[in-house]
Amino acid sequence: MKSPREEKMMTNYGQEGVAIEAPAPEDDWDLPQPARPRSAAIYIATQSVPVKNMRETEKIALPAAKNYPLRLPSFFDPDRCPAFMARSALFSSGRTVLGIPHDGPVKAQGKYALTLCGERLYMRDKQVWHAVMNIVKRAPAHNVPIRIELAAIATLMGSSDHCGGALRRIWQSVERLSRATIEVTLHDGHAQTGKLVAAAYRQEKKYFIEMDMPWMAAALSLDYQFKVNCGRRNGLAYSLAQWLHDFLSTHKSFPGLTIGYIRELCGFEGQQRTFPAMILTALTELRNSATLLVADFEIIRNGKSSDSWTVVITHGPEQPSYSAPSWYESSDEPNDLSYPTTRRVAL
């Protein structure tokens with residue numbers, strides 16, 4: 001039960017519209033897909049104005065509110081995220097290491113094309129991003145600086161540790177998110193470039209963020225928005241289990257994939273020989289702690305190299321929930337993105 005202070009920190013400013021529910025489409029498993037209708041690229045003009053009452057070294061550029069939509073798309077839900085975030089190495093598994101630069105492509109599934117410029121992002125950063133989005137949703141407007149409280153973010157992440165060190169690590173994640181520039185080509189064929197968080201700064205002992213409205217509007221409108229059980233995910237002990245949790249939450253079934261393919265897709269940068277034991281540990285935790293998602297699994301040794309071993313996961317009764325992108329038409333059947341569940345393939 002939340003304390004009065006925590007309730008105050010996370011005051012809800014109003015109810016959002018209920019997201020459209022539908023049976024989730026299967027993923028495209030890197031196979032050729034039918035052509036999709038092309039949507040017009042989203043572009044919103046910007047204008048910068050200076051911030052007042054800040055030291056010269058802290059000054060930043062704020063967007064002119066009149067040129068931005070007041071709020072993000074109405075179906076925006078903090079428990080949902082664009083599919084490309086869960087089906088790629090954008091938020092990689094592994095121990096968080098500060099200050100590791102990355103400037104180049106990021107492995108992604110299917111037709112997604114991703115590029116990250118900034119610092120490497122980890123599953124810990126994704127937890128922080130989801131919590132920040134929860135706070136953003138409660139704000140009356142999204143096109144202006146939004147105050148955040150680090151203790152509220154910790155609470156939303158399921159942590160009761162509000163000490164200085166824990167809150168400092170949360171702020172480091174927020175700053176890391178603000179320094180990351182992402183270019184993503186979605187299923188509509190257009191490339192969108194922007195930031196998960198446009199800016200993050202401190203002013204008079206208060207913390208603020210700004211949203212990159214054009215990029216976020218595109219990410220939330222032009223891609224499937226899958227519901228993720230963030231509370232269950234955050235409670236998992238291993239980052240690879242957390243990554244697999246979100247990945248599997250965007251699929252109705254899971255054909256056999258090689259360990260090498262999963263290792264690349266999750267962004268693992270450790271020694272190759274250690275990964276089979278790590279995926280065994282992660283899947284065991286999911287089977288024990290997320291039985292609705294993972295009923296069982298099997299690792300088939302197909303050869304000497306562990307990269308060629310096949311991972312077969314039996315999906316639990318929980319089915320993915322998603323909101324369709326703006327280009328989605330009623331004539332599109334979920335099976336347009338499917339891969340035969342009876343066929344075992346090594347990608």
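Since the structure is predicted, the reported quantities are computational estimates derived from the model, not experimental observations.
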Does Leu236 share a hydrophobic cluster with Trp129, counting links as ILVMFWY side-chain heavy atoms below 4.5 Å and allowing steps through other members?
-> yes
Intermediate values then yes/no, side-chain contact (heavy atoms from CB on, under 4.5 Å), Gln242 and Asp246 = CA-CA 7 Å; Gln242 295 171 2; Asp246 289 5; over 6 Å; no
Under 4.5 Å between any side-chain heavy atoms of Cys81 and His130, yes or no?
-> yes
Could you tell me whether Arg202 and Glu175 have a side-chain N and a carboxylate O separated by less than 4.0 Å?
-> no
Co-membership, hydrophobic cluster, residues Ile100 and Val128, 4.5 Å side-chain = no
Transitive ILVMFWY side-chain link Tyr122 to Val106, under 4.5 Å = no
Side-chain heavy-atom pair Arg124, Met157 within 4.5 angstrom cut-off | yes
Closest heavy-atom pair and its distance - His102, Pro105 = NE2-O, 3.1 Å
Shortest non-hydrogen contact from Ser308 toward Ser305 | OG-O, 2.7 Å
Look up atom CD1 in Ile153 and atom CG in Leu150, then write down how far apart they are to the nearest 0.5 Å.
-> 5.5 Å
Take the angle between the ring planes of Tyr201 and Phe208 and call it parallel below 30°, perpendicular above 60°, tilted in between.
-> parallel
Determine whether the side chains of Thr310 and Asn302 contain a donor N or O and an acceptor N or O closer than 3.5 Å.
-> yes
Heavy-atom side-chain proximity of Leu265 to Tyr261 below 4.5 angstrom | yes
Matching residue for His245 among Val228, Val294, Asn234 - test: side chain to side chain contact (heavy atoms under 4.5 Å, CB included) = Val228
Non-hydrogen atoms of His142 and Arg71 that approach each other most closely = ND1-CA, 3.4 Å
Measure across Ser173 and Asp125 and return the closest heavy-atom pair with its distance rounded to 0.1 Å.
-> OG-OD1, 2.7 Å
Distance only, no hydrogens: is a donor on one side chain within 3.5 Å (strictly under) of an acceptor on the other, for Asp223 and Tyr112?
-> yes
Does a side chain donor of either Arg87 or Thr250 reach within less than 3.5 Å of an acceptor in the other side chain?
-> yes
Donor-acceptor pair between Arg120 and Ser92 side chains, under 3.5 angstrom | yes
Do the side chains of Met211 and Val174 join up, straight or via other hydrophobic residues, at under 4.5 Å, putting them in one cluster?
-> yes
Roughly how far apart are Phe84 CZ and Ile182 CD1, rounded to 0.5 Å?
-> 6.0 Å
Does a side chain donor of either Thr193 or Glu183 reach within less than 3.5 Å of an acceptor in the other side chain?
-> yes
Side-chain heavy-atom pair Cys230, Gln127 within 4.5 angstrom cut-off = no
Look at the side-chain heavy atoms of Ile, Leu, Val, Met, Phe, Trp and Tyr, link any pair under 4.5 Å apart, and say whether Leu283 and Leu257 land in one connected group.
-> yes
Near-ring test Trp243/Phe91, centroid separation under 6.0 angstrom = no
Search all heavy atoms of Trp215 against all heavy atoms of Gln192 and return the closest pair with its distance.
-> NE1-O, 3.4 Å
Which heavy atom of Pro276 sits nearest a heavy atom of Ile279, and at what distance?
-> O-CG2, 3.2 Å
